[in-house]
Amino acid sequence: HWLRGISTVVPAPTPCNVSSHRPAPASNPLTSRTAMHSPSAELLGHVDGGHIDGVIFDCDGVLVDSERISNGTWALLLTEIGLPMTMEQSLGIFMGNSMPRCVEIVAEMMGHAPPEDLLARFTANVTVALQRDLEPVDGIVALLDALDAAGMRYGVASNGEHEKMRTTLGKTGLLDRFEGKRFSAV
């Protein structure tokens, strides 16, 4: 569920600090009758009290529905190089890890280093699959609209590379919403 990637941001002197202590408008769509019946109502209800200074989203699986596509592509590639893997196994083993860490895990599982071109092959294959199949996570556009209407600042932080975020956010129409607000751990 996309709510697992939402966090309260504690003000700190960093480039990704999103701090705002102004209360939300009285007609806040985040706490409307409709929103209050959603699974996110408890979290979003805190906006009116000024308790949330900003929101940082994870990208994959939270903003864009890419986890199954990426892990299915990764599983097929691992099977090709001699490490049979299903998408479900890939999700369980690799989800949430950076690609360099995924390569380390593959090496541990195989007992030797994988082919040197593994990441290049994966990048080429997953880019095609994402361009073909990727969609935003259900409900995320409405949530971003509500955050915009409330004057709430937000950004995205990911273990994925900047180029991957540009690809996934661009394909789903979310890229402009995160201009200057994308942060990568790699």
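Computed from a prediction, not measured in an experiment: that's the story for all the values here. FYI, side chains are in, hydrogens and waters are out, and symmetry mates aren't considered; it's all heavy atoms of this structure. If you read the sequence from its start, that first residue is 1, and numbering goes on from there.
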Quick check: closest heavy atoms across [X] and [Y], and the distance to 0.1 Å?
X: E88; Y: R68; answer: OE2-NH1, 4.5 Å
X: T172; Y: E135; answer: CG2-C, 3.5 Å
X: S184; Y: G160; answer: OG-O, 2.7 Å
X: S66; Y: G61; answer: OG-N, 3.9 Å
X: S158; Y: D58; answer: CA-OD1, 4.0 Å
X: C59; Y: T168; answer: SG-OG1, 3.7 Å

Joint hydrophobic cluster, I56 plus V186, side-chain heavy atoms closer than 4.5 Å: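 No, because I56 and V186 fall into different hydrophobic clusters, even though each may have its own neighbours under 4.5 Å.
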Same cluster (ILVMFWY, side-chain, under 4.5 Å), L143 and V141: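 Yes; tracing contacts between hydrophobic side chains, which count when under 4.5 Å, links both residues.
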Do [X] and [Y] have side chains that approach each other closer than 4.5 Å (heavy atoms only, starting at C-beta)?
X: L63; Y: V137; answer: no
X: L119; Y: V103; answer: yes
X: F183; Y: M165; answer: no
X: F57; Y: L144; answer: yes
X: V64; Y: P136; answer: no
X: W74; Y: L118; answer: yes
X: E104; Y: M109; answer: no
X: L175; Y: R182; answer: yes

Is a salt bridge present between [X] and [Y], judged by a nitrogen-to-oxygen distance below 4.0 Å?
X: E163; Y: R166; value: yes
X: E80; Y: R121; value: yes
X: D148; Y: R177; value: yes
X: D60; Y: K164; value: yes

Roughly how far, to the nearest 0.5 Å, is [atom2] of [Y] from [atom1] of [X]?
X: M110; Y: I105; atom1: CE; atom2: CD1; value: 14.0 Å
X: L134; Y: T167; atom1: CG; atom2: OG1; value: 9.5 Å
X: S70; Y: M87; atom1: OG; atom2: CE; value: 11.0 Å
X: D65; Y: D138; atom1: CG; atom2: CG; value: 7.5 Å
X: I93; Y: C102; atom1: CD1; atom2: SG; value: 10.0 Å

Step-by-step salt bridge (Lys or Arg N to Asp or Glu O under 4.0 Å) determination, E108 to R101: CA-CA 11 Å; E108 292 166 8; R101 177 63 188 132; 3.3 Å; yes
Going by the side-chain contact (heavy atoms from CB on, under 4.5 Å) test, name the single residue among T79, N71, L77, V106 that passes it with M85.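 Only match with M85 under side-chain contact (heavy atoms from CB on, under 4.5 Å): T79.
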Give a yes or no on whether the backbone of F122 and the side-chain of N125 come within a donor-acceptor separation of less than 3.5 Å.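 Judged by distance alone, no pair lies under 3.5 Å.
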For V128, does its backbone N or O pair with a side-chain atom of Q131 as donor and acceptor, under 3.5 Å?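 Side chain of Q131 to backbone of V128: no pair is present.
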